[in-house]
Participant: 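Have a look at this one.
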Amino acid sequence: MYLRAALTSFRRGGSSLPADSPSRSDVSVDVPHLASYNRVCGFRLRDELPATYPHVLAFPLQMRLMTAPGFPFPLPGLVHIANRITVSRPILASERFDLQVRAVDLRPHERGQQFDVVSELLIDSAVVWTDVSTYLRRSNSTGSSSAPFDVPAPSAIWSVPGDIGRRYASVSGDRNPIHLNALAARLFGFRRAIAHGMWTKARCLAALSERLPSSYTVDVRFKLPVLLPAKVGFSASAADSGWEFAVHDVRTGRPHLAGVVDQRTSAAPQPPSTASTRPAT
């Protein structure tokens, strides 16, 4: 998979996204794998899937989409800047489902171009889980902010071990070298290996898991990377629509992630999307 990803380095970008929609049918959950994922991310072992778990099941489809010949951008250098997950109702480990992935909404960003990779989980042809990962293809270095940042009082202090990148890679399949060792990370401009953004999001949801309703949307913005090992502060506070939460470096206050949980999501499953709702540009 990563050899194919490396071979995309010669791509020079483009003005449109492919209409391809890789999919898998009749998917079942490997319960030992789910248990391993839950342990790495801090979730309790239970019958319901964590909101972030289907992301790792859809990851091979995402990679297939972005390494296919018609995809315009090289994978090395893409930055995962945001992720939004909507859960319409609990998904049980015993249920079988379909997965589908597509790329949409190529648009300008102050530092280049951004687009969304949308993953959907369907049960009985109804979408019950949606994941929108936003990626940035940088073409310039402008637009970065040096504004001061507020450091919220932490609700908890987490010691993030130096091997969490390798441990999360083993359960997620995301073996990007920047997460695995310092040498590879330095080739991409990082002083040390960095934690996966989706691990950080999952760890936050694990901390909030006893307070989450049966349907909700959790939206995060990935900010500065977590250099491993690390000591980070997790903060969470109640909001009108649910929860606001953040992760920051304990020593410097530098922000790593900011997110919200919106509990106003309708519990009714949405109909599956069609080709007419999949813009290519």
Participant: Report whether Leu106 and Ile81 are members of the same hydrophobic cluster (ILVMFWY, side-chain heavy atoms less than 4.5 Å apart, transitive linking).
Facilitator: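 Cluster IDs for Leu106 and Ile81 differ.
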Participant: Just to verify, which of Thr52, Asp116, Asp131 counts as forming a side-chain hydrogen bond (donor to acceptor under 3.5 Å, both in side chains) with Asn83?
Facilitator: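 Looking at Thr52, Asp116, Asp131, the match for Asn83 under the side-chain hydrogen bond (donor to acceptor under 3.5 Å, both in side chains) is Asp131.
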Participant: Rounded to the nearest 0.5 Å, how far apart are CZ of Arg192 and CG of Leu227?
Facilitator: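 So the CZ of Arg192 and the CG of Leu227 are separated by 5.0 Å.
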Participant: Give, for atom NE2 of His109 and atom OG of Ser139, the distance between the pair rounded to the nearest 0.5 Å.
Facilitator: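 Those atoms lie 10.5 Å apart.
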Participant: So, the side chain of His179 versus the backbone of Ile194: is there a donor-acceptor pair under 3.5 Å, distance only?
Facilitator: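 At least one qualifying donor-acceptor pair exists.
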Participant: How close do Leu92 and Glu95 get, heavy atom to heavy atom, and via which atoms?
Facilitator: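 Scanning both residues, the minimum pair turns out to be N-OE1, 2.9 Å.
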Participant: Is there a side-chain contact between Pro50 and Leu205 in this structure, where contact means two heavy atoms from C-beta onward sitting under 4.5 Å apart?
Facilitator: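 Counting from C-beta outward, Pro50 and Leu205 never come under 4.5 Å.
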Participant: In chain order, what residues pass the side chain to side chain donor-acceptor pair (under 3.5 Å) check against Asp249, with sequence neighbours excluded?
Facilitator: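 With sequence neighbours excluded, Asp249 shows a side chain to side chain donor-acceptor pair (under 3.5 Å) to Thr252, given in chain and number order.
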Participant: Rounded to the nearest 0.5 Å, what separation is found between the OG atom of Ser23 and the CG atom of Leu65?
Facilitator: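 Answer rounded to 0.5 Å: 11.5 Å.
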Participant: For a quick test of reading the model, state the closest non-hydrogen atom pair linking Val250 to Gly233 and the distance between them.
Facilitator: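 The answer is CG2-N, 3.4 Å.
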Participant: Can you tell if the side chain of Pro161 reaches within under 4.5 Å of the side chain of Arg167, non-hydrogen atoms only?
Facilitator: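 With C-beta onward as the side chain, the pair touches.
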Participant: Ring centroid separation for His33 and Tyr53, is it under 6.0 angstrom?
Facilitator: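 Between Tyr53 and His33, which both carry aromatic rings, the centre distance is below 6.0 Å.
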Participant: If we ignore hydrogens and angles and just use 3.5 Å, is the side chain of Arg96 paired with the main-chain N or O of Val27 as donor and acceptor?
Facilitator: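 Pair absent, no side-chain N/O of Arg96 close to backbone of Val27.
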Participant: At their closest point, which heavy atom of Val260 faces which heavy atom of Phe245, and how far apart are they?
Facilitator: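 Taking every non-hydrogen atom into account, N-CE2, 3.7 Å.
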Participant: Taking 4.0 angstrom as the limit, do Asp26 and Arg24 come out as a salt bridge?
Facilitator: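 Not counted as a salt bridge, because no side-chain N and carboxylate O are separated by less than 4.0 Å.
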Participant: Look at the rings of Tyr37 and Tyr168 and say which category their plane angle falls in: under 30° parallel, 30 to 60° tilted, over 60° perpendicular.
Facilitator: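 Tilted.
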Participant: Answer yes if Leu208 and Val87 sit in the same cluster of Ile, Leu, Val, Met, Phe, Trp and Tyr residues linked by side chain heavy atoms under 4.5 Å apart, and no otherwise.
Facilitator: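 Linked, Leu208 and Val87 end up in one cluster.
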Participant: Return yes if some donor-acceptor pair links the side-chain N/O of Gln114 with the main-chain N/O of Pro108 below 3.5 Å, else return no.
Facilitator: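 Between the backbone of Pro108 and the side chain of Gln114 there is a qualifying donor-acceptor contact (under 3.5 Å).
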Participant: For Arg44 and Glu210, which heavy atoms make the closest approach, and how far apart are they?
Facilitator: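 Looking at all heavy atoms of both residues, the closest pair is NH1-OE2, 2.9 Å.
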Participant: Please report the shortest heavy-atom distance between Ser215 and Ser88, naming the atom on each side.
Facilitator: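 Scanning both residues, the minimum pair turns out to be CB-O, 3.3 Å.
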Participant: Would a 4.5 Å heavy-atom cut-off, applied to side chains only, mark Phe97 and Val128 as touching?
Facilitator: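 Contact flag for Phe97/Val128 side chains = no.
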Participant: Any side-chain heavy atom of Ile157 within less than 4.5 Å of one from Lys231?
Facilitator: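 Result yes, sub-4.5 Å side-chain heavy-atom pair found.
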Participant: Are any non-hydrogen side-chain atoms of Val160 and Trp199 less than 4.5 angstrom apart?
Facilitator: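 Yes; the side chains approach each other to less than 4.5 Å.
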Participant: Could you tell me if the side chain of His256 sits less than 4.5 Å from the side chain of Lys223, heavy atoms only?
Facilitator: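 With C-beta onward as the side chain, the pair stays apart.
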Participant: Val40, Val29: one ILVMFWY side-chain cluster at the under-4.5 Å cut-off?
Facilitator: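 Hydrophobic grouping puts Val40 with Val29.
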Participant: For a 4.5 angstrom cut-off between non-hydrogen side-chain atoms, does Glu244 reach Ser235?
Facilitator: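 A side-chain contact is absent here, since even the closest heavy-atom pair is not under 4.5 Å.
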Participant: Any idea which heavy atoms bring Cys41 and Ala206 closest together, and the distance?
Facilitator: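 Closest approach of Cys41 to Ala206: O-CB, 3.6 Å.
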Participant: Would you tell me whether Ser119 and Gln62 have side-chain atoms, one donor and one acceptor, within less than 3.5 Å of each other?
Facilitator: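 Result is yes, a qualifying pair exists.
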Participant: Step by step, would you call His80 with Phe222 a ring-ring contact (aromatic ring centres under 6.0 Å, His included)?
Facilitator: CA-CA 7 Å; His80 193 185; Phe222 301 117; 5.0 Å; yes
Participant: Would you compute the distance between atom OG1 of Thr200 and atom CD1 of Ile164 and round it to the nearest 0.5 angstrom?
Facilitator: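 Output value for this atom pair is 9.0 Å.
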Participant: Could you tell me the separation between the OG1 atom of Thr130 and the CZ atom of Arg84, rounded to the nearest 0.5 Å?
Facilitator: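 Output value for this atom pair is 9.0 Å.
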Participant: Does the side chain of Leu75 reach to within under 4.5 Å of the side chain of Thr67, using non-hydrogen atoms?
Facilitator: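 They are in contact (side-chain heavy atoms under 4.5 Å apart), so the answer is yes.
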Participant: Mind checking the CG-CZ spacing from Leu17 to Arg102? Nearest 0.5 Å is all I need.
Facilitator: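 It is 12.0 Å, given to the nearest 0.5 Å.
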Participant: Hydrophobic clusters here meaning ILVMFWY residues chained together by side-chain heavy-atom distances under 4.5 Å, can you tell me if Leu61 and Ile123 are in one?
Facilitator: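 Yes.
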Participant: Are the ring centres of Phe115 and Phe73 closer than 6.0 Å?
Facilitator: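 Between Phe115 and Phe73, the centre distance is under 6.0 Å.
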